[in-house]
Amino acid sequence: MTKRNDVVKFGGNPVTLIGTEIKIGDKAPDFTVLNPDLSSLSLKDTKGQVRVISVVPSIDTSVCDIQTRWFNEEAAKIDGLTVLSISVDLPFALKKYCAAQGIATIKTLSDHRELDFGLKYGFVIEELRLLSRGTVVIDKDDIIRHVEYVANIGDQPDYDKVMAVVKQYL
């Protein structure tokens, strides 16, 4: 298992990321996560679309809520864009959150069962068994066009950069 130190900080302290670090130009690894209704969703289920993966530690925090709402609002404005918001929150919590907050444009997905996404994309925080904050843009041909492992988990991702890359590949 690949481990990376000094990539991100949680609460000002360095944490260890485990899993494969992805890079721009890589073929996007397929993964399987859970929908709020407990059905499975794989990356291949969204083939042929431009996808943004919004990675959050937990929707129950204010920064993750802001990030999820931002992508939900922006995704609604862009035809042909699919946003997958992935955390290790339980599917039941995601369903309740989406209903309470009116999140309907993006797909909120749980990686709690196997950490399949987190390990294949290098977002798992070893010490906490949470996903680190970040973003990934995957083009219609399953090539990674942008990746950000947010250095301080309490900070927002670079939304402008994500959207600039999305617009290049739509």
So which heavy atom on [X] is nearest to which on [Y], and how close?
X: Leu170; Y: Asp79; answer: CD2-O, 3.9 Å
X: Asp30; Y: Ser42; answer: OD1-CB, 3.7 Å
X: Ser132; Y: Val150; answer: OG-O, 4.4 Å
X: Arg129; Y: Val88; answer: O-CG2, 3.6 Å
X: Leu130; Y: Pro57; answer: CD2-O, 3.8 Å
X: Leu131; Y: Val124; answer: CD2-CG2, 4.0 Å

Return each pair, listed once, that meets salt bridge (charged side-chain N to carboxylate O under 4.0 Å, His left out) where at least one residue sits in residues 103-116; pairs must be two or more places apart or across chains. Asp116-Lys120
Would you indicate whether the side-chain heavy atoms of Val83 and Asn72 approach each other to under 4.5 Å? no
Does Val63 reach the side chain of Gln156, with side-chain heavy atoms less than 4.5 Å apart? yes
Determine which pairs satisfy ring pair (Phe, Tyr, Trp, His ring centres under 6.0 Å) with at least one residue from residues 103-140, sequence neighbours left out, and list them in order. Phe31-Phe117, Phe31-Tyr121, Phe117-Tyr121, Phe117-Phe123, Phe123-Tyr149
Can you tell me which residue pairs pass the ring pair (Phe, Tyr, Trp, His ring centres under 6.0 Å) test with a partner in residues 36-57, sequence neighbours excluded?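 The answer is none; no pair qualifies.
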Do [X] and [Y] belong to the same hydrophobic cluster, where Ile, Leu, Val, Met, Phe, Trp and Tyr are linked whenever their side-chain heavy atoms lie under 4.5 Å apart, directly or via other members?
X: Ile138; Y: Val55; answer: yes
X: Ile125; Y: Leu109; answer: yes
X: Leu34; Y: Leu43; answer: no
X: Val136; Y: Leu119; answer: yes
X: Ile103; Y: Ile59; answer: yes

Only counting residues at least two apart or in another chain, list the ones meeting ring pair (Phe, Tyr, Trp, His ring centres under 6.0 Å) with Tyr97.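 Partners of Tyr97 by the ring pair (Phe, Tyr, Trp, His ring centres under 6.0 Å) criterion come out as none, since no residue qualifies.
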Which residues pass the ring pair (Phe, Tyr, Trp, His ring centres under 6.0 Å) test with Phe71, not counting sequence neighbours? Tyr159
Between [X] (side chain) and [Y] (backbone), is there a donor-acceptor pair under 3.5 Å?
X: Gln49; Y: Gly80; result: no
X: Asn35; Y: Asp37; result: no
X: Asp141; Y: Ile143; result: no
X: Thr68; Y: Cys64; result: yes

Partner set under salt bridge (charged side-chain N to carboxylate O under 4.0 Å, His left out) for Arg4, not counting sequence neighbours: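 For Arg4 the salt bridge (charged side-chain N to carboxylate O under 4.0 Å, His left out) partners, ignoring immediate neighbours, are Glu21.
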Of the options Thr108, Leu94, Ile53, which is the one that meets Ile86 in a side-chain contact (heavy atoms from CB on, under 4.5 Å)?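 Output: one option passes, namely Ile53.
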Check the side chains of Gln67 and Arg133 for a donor-acceptor pair under 3.5 angstrom, ignoring hydrogens and angles.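 On atom types as modelled, these side chains qualify, holding a pair under 3.5 Å.
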Flag for Ser110-Asp89: side-chain donor and acceptor within less than 3.5 Å: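 No, because no side-chain N or O of Asp89 sits under 3.5 Å from a partner of the opposite role on Ser110.
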Got a second to check how far [X]'s [atom1] is from [Y]'s [atom2], nearest 0.5 Å?
X: His146; Y: Ile22; atom1: NE2; atom2: CD1; value: 9.5 Å
X: Leu115; Y: Ile18; atom1: CG; atom2: CD1; value: 7.0 Å
X: Arg145; Y: Asp26; atom1: CZ; atom2: CG; value: 10.5 Å
X: Met163; Y: Lys77; atom1: CE; atom2: NZ; value: 8.5 Å

Return yes when atom NZ of Lys167 has more than 12 non-hydrogen atoms of other residues, nucleotides or ligands closer than 6.0 Å, and no otherwise.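 No, the 6.0 Å shell around NZ holds no more than 12 heavy atoms from other groups.
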Should the heavy atoms of other residues, nucleotides or ligands under 6.0 Å from CZ of Phe10 be counted, would the total exceed 12?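 Not more than 12 within 6.0 Å, no.
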Any salt bridge between Arg51 and Asp142, counting N to O under 4.0 Å?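 Between Asp142 and Arg51 there is a salt bridge, with a charged N closer than 4.0 Å to a carboxylate O.
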